[in-house]
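Just so we're clear, the structure is a prediction, and the values are computed from it rather than from any experiment. Proteins get letters first, then strands, A, B, ... in listed order; numbering begins at 1 in each.
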Amino acid sequence: MPELPEVEVTRLSFADAIAGAKVLSVRLGKALRWPLGCSVAHLLGRTVLAVRRRGKYLLIDLDQGLLLVHLGMSGRLNFSRHPSAAATHDHFEMLTSRGTLKLYDPRRFGAVVYANSEEDPVARKLLGKLGMEPLSQDFDLKQFQAGLKRRKAAIKQVLLAGDLVVGVGNIYASEALFLASIRPTLSAARLSRARSAKLHAAIGQVLARAVARGGSTLRDFSSATGENGHFQLEAMVYGRPAQPCRVCGTAIKSVRQGQRSTFYCPTCQKA
DNA sequence: AAAAGCCCCTGGATGC
DNA sequence: TGCATCCAGGGGCTTT
């Protein structure tokens, strides 16, 4: 479900409200992708300092250690003073002095992992190979171009891989490539300087726009306060196979790349 | 080093 | 109505 915009929207929706909260109790449901990595007792009495984001991970800083939260494909966080009773797929529930944080995740590809610090091997394994943050100053054009030059794989898959730039998932990869008029199947290394610069800009543009629109709610995404996103209404190609391109009217094509669907306009994205 | 495939898991949509 | 099949916002791990 969640790409950078959905994760960031989630973060923004509860970061201030949970800051300063004391952890009162923690309940675990069925196993998520990885074990929590510490005892529940270790979390009790901790204070939540802040909530940050790195790629598609949320980092919940505690006065001692931090929790790495990933939403996987179907995860949603909810933070509420008066939470409803635990639902079938609530697999992590943390009661605090400011409210209850729940991770609802039917497919259980998500995770909540404790680490002593970001330098902890547990954290390094998950965060260590992540690429540049596309919405920060750190998203350097030269580095982006140099990274593309050494990859012969299809540009769409290089974007998804996350080791060059983070946070771009299946929706926004297709959307950014449309904005930049680049065919998703083109080898990354074959992009000209001008076109990779255009893509660099398009990535920042589409992600920022999606955050502003509250993310994309395709079936069930909502922020930690239950708000739906609206970016899906302005998607140019994602999820629109055989429908007319909003620019030129050509039927949008759908292809398979690395067992994921890719959408593009064969006219606007000639190569 | 980079690329391609394989999984993990549940549920909704579609087709017979 | 029932059942089989396919598909879904991710990404770590293993194999080429």
Side-chain angles (χ1 to χ4, degrees), chain A residues 1-11 29-35 37 53-58 68-77 87-92 103-113 121-131 134 146-176 185-190 203 206-207 210-211 213-223 228-235 237-241 254-263:
Chain A
M1 159 197 354
E3 303 181 32
L4 183 150
E6 291 73 34
V7 176
E8 179 64 7
V9 165
T10 296
R11 186 187 75 80
K30 288 171 92 169
L32 291 164
R33 179 159 193 178
W34 297 296
R53 181 187 56 73
R54 177 74 178 101
K56 296 172 189 166
Y57 285 90
L58 285 175
L68 310 185
V69 177
H70 199 290
L71 303 179
M73 285 284 263
S74 59
R76 259 186 287 171
L77 283 179
T88 309
H89 299 298
D90 286 334
H91 300 305
F92 176 86
L103 173 63
Y104 172 87
D105 186 5
R107 293 178 71 180
R108 293 188 281 125
F109 290 169
V112 180
V113 175
V122 174
R124 297 196 70 135
K125 191 177 74 166
L126 300 180
L127 307 176
K129 291 187 176 158
L130 296 184
L148 293 182
K149 277 293 168 220
R150 67 180 90 93
R151 300 303 245 353
K152 292 188 178 158
I155 180 62
K156 157 85 166 357
Q157 303 199 243
V158 172
L159 293 182
L160 283 189
D163 50 355
L164 185 55
V165 56
V166 293
V168 182
N170 214 36
I171 299 176
Y172 302 108
S174 282
E175 292 299 312
T185 49
L186 182 68
S187 164
R190 297 181 64 86
I203 290 168
V206 75
L207 294 178
V211 171
R213 302 293 284 127
S216 294
T217 297
L218 296 186
R219 38 163 32 83
D220 56 12
F221 167 75
S222 65
S223 73
N228 286 344
H230 303 285
F231 185 85
Q232 73 281 1
L233 301 174
E234 47 194 80
V237 290
Y238 183 84
R240 307 188 61 243
S254 166
V255 295
R256 252 5 234 176
Q257 288 183 286
Q259 24 263 92
R260 321 286 306 268
S261 292
T262 300
F263 304 90

ask   = Is H70(A) near enough to dG11(C) that one of its side-chain N or O atoms lies under 4.0 angstrom from OP1 or OP2?
value = yes
key: Sugar-phosphate only, base, or nothing, as touched by K129(A) at under 4.0 Å among non-hydrogen atoms   = nothing
task = Please state how far atom NE2 in H89(A) lies from atom C1' in dC8(B), giving the value in whole angstrom units.
result = 15 Å
key: Rounded distance in Å - NZ (K156(A)) to C1' (dA4(B))   = 14 Å
Side-chain H-bond candidate by donor/acceptor type, K156(A) with T262(A), under 3.5 Å = yes
ask   = Of all the choices, dG10(C), dC9(B), dG12(C), which nucleotide is nearest to the side chain of L126(A) once you look at every atom?
value = dG12(C)
request  = Write down the distance between OH (Y104(A)) and C1' (dT10(B)), rounded to a whole number of angstrom.
outcome  = 9 Å
query = Looking at the side chain of Y238(A), which of dT10(B), dA8(C), dG10(C) is the nearest nucleotide?
reply = dA8(C)
ask   = Can you check the I171(A) CD1 to dG10(C) P distance for me, whole Å?
value = 7 Å
key: Spacing between D90(A) atom CG and dT10(B) atom C1', to the nearest angstrom   = 15 Å
request  = Examine dC13(C): is either OP1 or OP2 under 4.0 Å from a nitrogen or oxygen in the side chain of K125(A)? Give yes or no.
outcome  = yes
ask   = Rounded to whole angstroms, how far apart are CG on L159(A) and C1' on dG11(C)?
value = 16 Å
request  = Could you tell me whether D163(A) and R151(A) make a salt bridge, using a distance below 4.0 angstrom between a side-chain N and a carboxylate O?
outcome  = yes
query = Would you say a side-chain N or O of S74(A) is under 4.0 Å from OP1 or OP2 of dC9(B)?
reply = no
request  = Please tell me which of the listed nucleotides, dC7(C), dG10(C), dA2(B), lies nearest to the side chain of S261(A)?
outcome  = dC7(C)
ask   = Can you tell me if NZ on K149(A) sees more than 12 non-hydrogen neighbours from other groups inside 6.0 Å?
value = yes
request  = To the nearest Å, give me how far apart CG (L164(A)) and P (dA1(B)) are.
outcome  = 16 Å
task = Could you pick out which residue, Q259(A) or K152(A), lies toward the 5' side of DNA chain B when each is mapped onto its nearest nucleotide?
result = K152(A)
query = Is F109(A) stacked on the base of dG10(C) when the test is centres under 5.5 angstrom and planes under 30 degrees?
reply = yes
Closest to the R150(A) side chain, choosing from dA2(B), dG12(C), dC9(B) = dA2(B)
ask   = Any side-chain N or O of R107(A) under 4.0 Å from OP1/OP2 of dA8(C)?
value = no
key: Atom-to-atom span, CG of N170(A) to P of dC7(C) - whole angstrom   = 13 Å
Nearest-nucleotide comparison on DNA chain C, the residue closer to the 5′ end among W34(A) and F263(A) = F263(A)
ask   = Just checking Y172(A): base, sugar-phosphate only, or nothing, at a heavy-atom cut-off of under 4.0 Å?
value = nothing
query = Is the phosphate of dG12(B), meaning OP1 or OP2, less than 4.0 Å from a side-chain N or O of R219(A)?
reply = no
request  = Go through dG12(C), dA2(B), dA8(C) for me and flag the one nearest to the R33(A) side chain.
outcome  = dG12(C)
message = Apply side-chain contact (heavy atoms from CB on, under 4.5 Å) to residues L103(A) and R76(A) and explain how you reach the verdict.
response = CA-CA 6 Å; L103(A) 173 63; R76(A) 259 186 287 171; 5.8 Å; no
query = Watson-Crick or G-U wobble partner for dT16(C), using a 3.5 Å limit on both distances?
reply = dA2(B)
task = Determine the Euclidean distance between corresponding P atoms of dC3(C) and dC9(B); express it in Å to zero decimal places.
result = 23 Å
query = Closer than 4.0 Å, any side-chain N/O of R256(A) to the OP1 or OP2 of dA8(C)?
reply = yes
message = Over 60° means perpendicular and under 30° means parallel, so tell me whether Y238(A) and F263(A) are parallel, tilted or perpendicular.
response = perpendicular
task = Would you mind telling me which of dG10(C), dA3(B), dG11(B) lies closest to the side-chain atoms of R151(A)?
result = dA3(B)
request  = Report yes if a side-chain nitrogen or oxygen of Y57(A) is closer than 4.0 Å to either non-bridging phosphate oxygen (OP1 or OP2) of dG12(C); otherwise report no.
outcome  = yes
query = Do the charged groups of R213(A) and E234(A) touch, with an N to O distance under 4.0 Å?
reply = yes
Residue A153(A), side-chain heavy atoms: nucleotide from dA8(C), dA4(B), dG12(C) that is nearest = dA4(B)
task = Kindly determine whether S222(A) and N228(A) satisfy side-chain hydrogen bond (donor to acceptor under 3.5 Å, both in side chains), including the steps that lead there.
result = CA-CA 5 Å; S222(A) 65; N228(A) 286 344; 4.7 Å; no
Residue-phosphate contact under 4.0 Å: R260(A) side-chain N/O, dG10(C) OP1/OP2 = yes
task = Using a 4.0 Å heavy-atom cut-off across all strands, classify G169(A) as base, sugar-phosphate, or nothing.
result = sugar-phosphate
